[in-house]
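Working notes, beginning with the structure itself.
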There are 2 protein chains.
Amino acid sequence: MADLARELGVSMTTISRALSDHHSIGPAMKQKVLKLAKKYNYQPNRLASALRKGKSQLLGIIVPYIEGRFFPSVVHGIETAASKAGYNVIICQSNEDVAQERRNLEILLSAQVAGILVSLSRTTLDFRHFDKVRSRGLPLVFFDRIVEGDNVNAVVLDDQEGGCLSTRHLLQQGCRRIAHLAGPQHLNIYKNRRQGYLDALREAGIPVEEELMVYTNMTQEQGTEAMRSLLALPSPPDAIFAAGDYCALGALQEAQRQGLRVPQDIAISGFSNETFTVITEPSITTIDQRCEEMGQAAVRLLLELVDADGNPFAPRQVSLRPELLVRRSSVRQPDNVAASVQGVAADVLLPQ
Amino acid sequence: MADLARELGVSMTTISRALSDHHSIGPAMKQKVLKLAKKYNYQPNRLASALRKGKSQLLGIIVPYIEGRFFPSVVHGIETAASKAGYNVIICQSNEDVAQERRNLEILLSAQVAGILVSLSRTTLDFRHFDKVRSRGLPLVFFDRIVEGDNVNAVVLDDQEGGCLSTRHLLQQGCRRIAHLAGPQHLNIYKNRRQGYLDALREAGIPVEEELMVYTNMTQEQGTEAMRSLLALPSPPDAIFAAGDYCALGALQEAQRQGLRVPQDIAISGFSNETFTVITEPSITTIDQRCEEMGQAAVRLLLELVDADGNPFAPRQVSLRPELLVRRSSVRQPDNVAASVQGVAADVLLPQ
DNA sequence: TTGTACGCGTTATCAC
DNA sequence: GTGATAACGCGTACAA
């Protein structure tokens, strides 16, 4: 910048104004400066700018890990939305470890990021390390694995709705004894999926049978085992709603091993839209978690907070509408499919 | 820092030295400072530090996108290795677009990153935008999709070796008419996999038959089609080496559709170790691309450059050893498996 | 071992 | 519309 100023015989102030498109700058001068800057291949130093302004153009992300289908997709959505808004993204992994999560938080703070996006580590039970962020007035948004409560900003998938959609779909296919392969109930996502299942049954006036709910850790193996025990019942189910795709896969394989036809003898649906669900024979009906949209929504919310710049802002929880993907593993009555593939788009903003 | 200095009645210099573990600092004073820093919850400002030192603790990554199996895993490896070395990572997506790639590069430069890791966009044919990085003396390492030549630093998988391993394995299983589903030959990865296939055949003294090489775009559909045409040959193959897993999957499904048993009637192997390859029936033999290791190796190389700090450094190409994962789709002679699962670990450093 | 003084590159403030 | 100046928070010659 100093070079440009010297060459043009003006002050650095003028250069700075021309480059940052300040209002009190002559268009003629502006052009001259920009042209010379290009000629000299001027590269602004964002560090210096951020130091002076007290705000960088960086957003921090903390995720448990970057693997599997979910988190990479969310990160993809985040990076895309952020970069569209002129921000860049520093990414940190907690490896499901609170201590690491705390360290990451410190690092992001000291990197002077403009805001932070967090999906909690599985071992995070104490949330005090986030107080420091808030006390600094730094925008903070949780996604997917969130701190419960309505004084935080958060974006989640409406898992309950997802469970409900799946179960309703199975009901519409004529199934009446629908089993549920549930996940660990201390995790809100699995609790909510189960609740959606219960809602749909009640809605249809079908009594809940305890023997049709099997609690698993969502692995393929446990899906297999669960299916085995269910098929051994005096009155086995005619459908399975699994709270995860791997689990659904295990169930599917076991059913086929026992000579059952899917979906004719037993219909199956999963959760998460894992890549392999379109590859199995038959393909598996599932719920898409709208990973990309989640990332985008999280950034949108975060940037609103950034723009509010510390002004009072009522915390908001955004709940994304899950999408039911009907595939062959559950379709017994093709005519009824259309009815169940509704209410797909439109995000919902919960009040408060 | 000023607060701490005042409270302890010393200068900021002393504080700075204590915090950055400078050698000329008394252990007593150091302890006092650290203690007070903790009490006041002092957060160093990395921006200021980086500005002063002219080097940040940030590494920049440019990838085409963060989706699928490969890039997220590499990024995972990169972030893990970087954070272990005290660096953080800014991530950018080029979306397979050169213009975006160029913009990302500018951004990373102006963010004063300590080094840059790049996997080229598919549309990058002109590499001049990287000259600016080198002229700045900024460390630059390519991975996977690299600029060819030996005056760049790069980390790749040895695809040729991968093709060779796969083909040798099929030969050891007693297959003699091995077909190859090749990918677009203008991409070096597919060219090299094909070359490895040719190498192994020559090694075994088996003539190459053009009719056994089918060129595809690596999709599942094209795998299906390719298999159909191969099975229609007067003398169909007894094995398939596909340059990609999706393609192998399509081939597998078509073979089964035509009533063939895999691997007894026809053996199949793929490439990339996609998640679904362990799920199919039978599971698919494939090549693992060592994504994590690639990320780690890239960071290692980059940090060597960073530490060299502009001193002469002979560019290096690191070539990772692919790992053959023998699964059921290819095993006809269980006794021969052990022999083919060798030479798995140990990275290779090519000379120059 | 500690302190003084300056500068990294940018921008906000105030005066002209 | 433009310029001079200070300041953001830290690190480092140099002097003590």
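For the numbers below, each heavy atom of this structure counts, side chains included, while hydrogens, waters and symmetry mates do not. Each chain gets a letter, A, B and so on, in the order the sequences are listed, and its residues count up from 1.
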*When we call it a touch if two heavy atoms are under 4.0 Å apart, what does B:L51 touch: a base, just sugar-phosphate, or nothing?*
base
*Toward the 5' end of DNA chain C, which comes first, B:S24 or A:S16, by nearest nucleotide?*
B:S24
*Indicate, yes or no, whether a donor-acceptor pair under 3.5 Å links the base of D:dA4 to the side chain of A:S11.*
no
*On DNA chain D, nearest-nucleotide positions of B:N45 versus A:I25: which is more 5'?*
A:I25
*Would you mind checking if A:D150 and A:R316 are paired as a salt bridge, meaning a charged N to carboxylate O distance below 4.0 Å?*
no
*Under 4.0 Å between a Lys/Arg side-chain N and an Asp/Glu carboxylate O for B:D131 and B:R128?*
no
_Interatomic distance, A:Q112 CD vs D:dC10 C1' [rounded to whole Å]_ = 12 Å
*Where each residue is assigned the nucleotide of DNA chain C containing its nearest heavy atom, which of B:R52 and B:V10 is assigned the position nearer the 5′ end?*
B:V10
*Do B:C92 and A:S83 come within less than 4.5 Å of each other through their side chains, counting heavy atoms only?*
no
*Using a strict cut-off of less than 4.0 Å between a Lys/Arg side-chain nitrogen and an Asp/Glu carboxylate oxygen, indicate whether A:E7 and A:K32 qualify as a salt bridge.*
no
*Measure the distance from CG on B:D3 to C1' on D:dC10 and round it to the nearest whole Å.*
14 Å
_Under 4.0 Å, heavy atoms only, any strand: does B:T14 hit a base, just the sugar-phosphate, or nothing?_
sugar-phosphate
*Provide, to the nearest angstrom, the distance between the NE2 atom belonging to B:H22 and the C1' atom belonging to D:dG11.*
9 Å
_B:R145/B:N188 under side chain to side chain donor-acceptor pair (under 3.5 Å): CA gap, chis, key distance, verdict_ = CA-CA 8 Å; B:R145 304 209 203 150; B:N188 55 353; over 6 Å; no
_What is the distance, to the nearest angstrom, from the CE atom on A:M12 to the P atom on C:dG7?_
13 Å
*asked:* Counting only side-chain nitrogens and oxygens, does A:Y42 get under 4.0 Å of the OP1 or OP2 atom of C:dT10?
replied: yes
*Pick base, sugar-phosphate or nothing for A:G26, based on heavy-atom distances below 4.0 Å to the nucleic acid.*
sugar-phosphate
*asked:* Between C1' on D:dC8 and CE on B:M1, what's the gap in Å once rounded to a whole number?
replied: 13 Å
*Interatomic distance, B:R17 CZ vs D:dC10 P [rounded to whole Å]*: 16 Å
*Over how many whole Å does the gap from B:L19 atom CG to D:dC10 atom P extend?*
8 Å
*If you look at every strand shown and take non-hydrogen atoms under 4.0 Å, does A:T13 touch a base, only sugar-phosphate, or nothing?*
base
*Return the value, rounded to whole Å, for the distance between atom NZ of B:K55 and atom P of C:dC8.*
16 Å
